Amino acid sequence: MSDESVQCQFYDQGERLPDQLPESPFGIFQAWFDQAWKERLTPNANAMILSTIHDDGMADSRVVLCKRIDHDPPNPGSVVFYTNYTGDKGRQLDANPFVSACFHWDHYERQVRIRGPVIKTTEAESDAYFASRQLESRLGSWMSDQSQPIESRDALLEKVAGVMDKLGLDAAALMNNQENIEIPRPPHWGGYRIHAQSVELWAGGVGRIHDRARWNRNLTKDGDGYTYGPWSSTRLQP
Ligand SMILES: Cc1cc2nc3c(=O)[nH]c(=O)nc-3n(C[C@H](O)[C@H](O)[C@H](O)COP(=O)(O)O)c2cc1C
């Protein structure tokens, strides 16, 4: 690939972060998220790269979907994703419950970086979200021992049949009556809430004079949650 072929016409929208940075980054973050979600220029506009720390000390990254953003107490400035608690990322989070999450909305020349500790969502919150998932997704959560090796795709498909037996489900009934099938949430599956301690907003600027600002705050562990100090913000060179 020649240098010329990788030249691009990006960074021509010239979006600016406000001169006076807002007290919290979550208003702008939510507006950016909402626009990406509404216009859906990519199918998974809620995707974020989630990085955890592997037990070998190296960072480990993968895509997950952001399912909720909270501004207000009791979890002001937090985002939620759902996963298998016993897969690699779940085990890594047991050992080191801190993450970095990164949204990139290429069409809008925007990036959001969030760092902070995670806490599992409450059973009630995980149950409610699980119940809202499509049937295939609910079955899949039972079927997959996420991140564990398996000898073949056929073996994976056999596991689906095993799960149907285990849950007492009948394939024909499933096909005909998808809406009313009750499938409990597996105990190994649920949500994590990232409590933002640091948020960086990046907006592509004309001539690569990008706008960047970072907000930080102190979090203090308080029972099962946190108390939050005020945000402080700094504009950064691109
Ligand atoms: C677009 C996209 C969305 C995904 N969303 C999720 C998700 O919300 N939760 C999840 O556990 N895995 C999701 N995955 C799969 C993860 O990237 C990853 O393969 C899986 O979670 C296993 O990661 P681990 O072995 O590090 O635990 C998604 C993958 C893609 C490409």
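No experiment lies behind these values; they were computed from the predicted model shown. Position 1 is the first residue of the sequence; numbering continues from there. Just follow the structure's listing: the first ligand is 1, and inside any ligand the first atom is 1.
- Here the protein heavy atom with the shortest distance to atom 18 (C) of ligand 1 is Arg62 CG, 3.8 Å.
- The aromatic rings of His195 and Tyr226 lie tilted to each other, with the angle between the two planes from 30° to 60°.
- With respect to Glu200 and Arg115, no salt bridge is recorded, no charged nitrogen being found less than 4.0 Å from a carboxylate O.
- Evaluated by nearest non-hydrogen atom to atom 30 (C) of ligand 1, the leading choice among Val63, Asn46, Thr52 is Val63.
- Residue Thr83 has at least one nitrogen or oxygen atom sitting less than 3.5 Å from a nitrogen or oxygen atom of ligand 1, judged on distance alone.
- Checking Phe98, Tyr85, Tyr129, Tyr82 one by one against Tyr192, the ring pair (Phe, Tyr, Trp, His ring centres under 6.0 Å) holds for a single residue, Tyr85.
- The shortest contact between atom 20 (C) of ligand 1 and any protein heavy atom is with Gln146 NE2, 3.4 Å.
- Checked against a 3.5 angstrom limit, the closest N/O atoms of Gly90 and ligand 1 fall outside it.
- Between the side chains of Arg62 and Thr52, at least one donor N or O lies within less than 3.5 Å of an accepting N or O.
- In this structure, the protein non-hydrogen atom closest to atom 1 (C) of ligand 1 is Asn44 ND2, 3.5 Å.
- Classified by interplanar angle (parallel below 30°, tilted 30° to 60°, perpendicular above 60°), the ring pair His71/Phe26 is perpendicular.
- Under the 4.0 Å distance rule, the nearest protein heavy atom to atom 14 (N) of ligand 1 falls inside the cut-off.
- When all heavy atoms of Lys159 and Met143 are compared, the closest pair comes out as NZ-O, 3.0 Å.
- Proximity annotation for atom 7 (C) of ligand 1: of Tyr85, Tyr192, Tyr82, Tyr82 comes nearest, heavy atoms only.
- A salt bridge links Asp70 with Arg193: the closest approach of a Lys/Arg side-chain nitrogen to an acidic carboxylate oxygen falls below 4.0 angstrom.
- Closest protein heavy atom to atom 8 (O) of ligand 1: Leu65 N, 3.0 Å.
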side-chain hydrogen bond (donor to acceptor under 3.5 Å, both in side chains), that's the test. Do Ser51 and Ser61 meet it? Break it down for me. CA-CA 4 Å; Ser51 300; Ser61 302; 2.7 Å; yes
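- Looking at Lys89 next to ligand 1, an N or O pair under 3.5 Å apart turns up.
- The single protein non-hydrogen atom nearest to atom 6 (C) of ligand 1 is Val64 CA, 3.6 Å, given as residue, atom name and distance.
- At the shortest separation from atom 25 (O) of ligand 1 among protein heavy atoms lies Ser147 OG, 2.6 Å.
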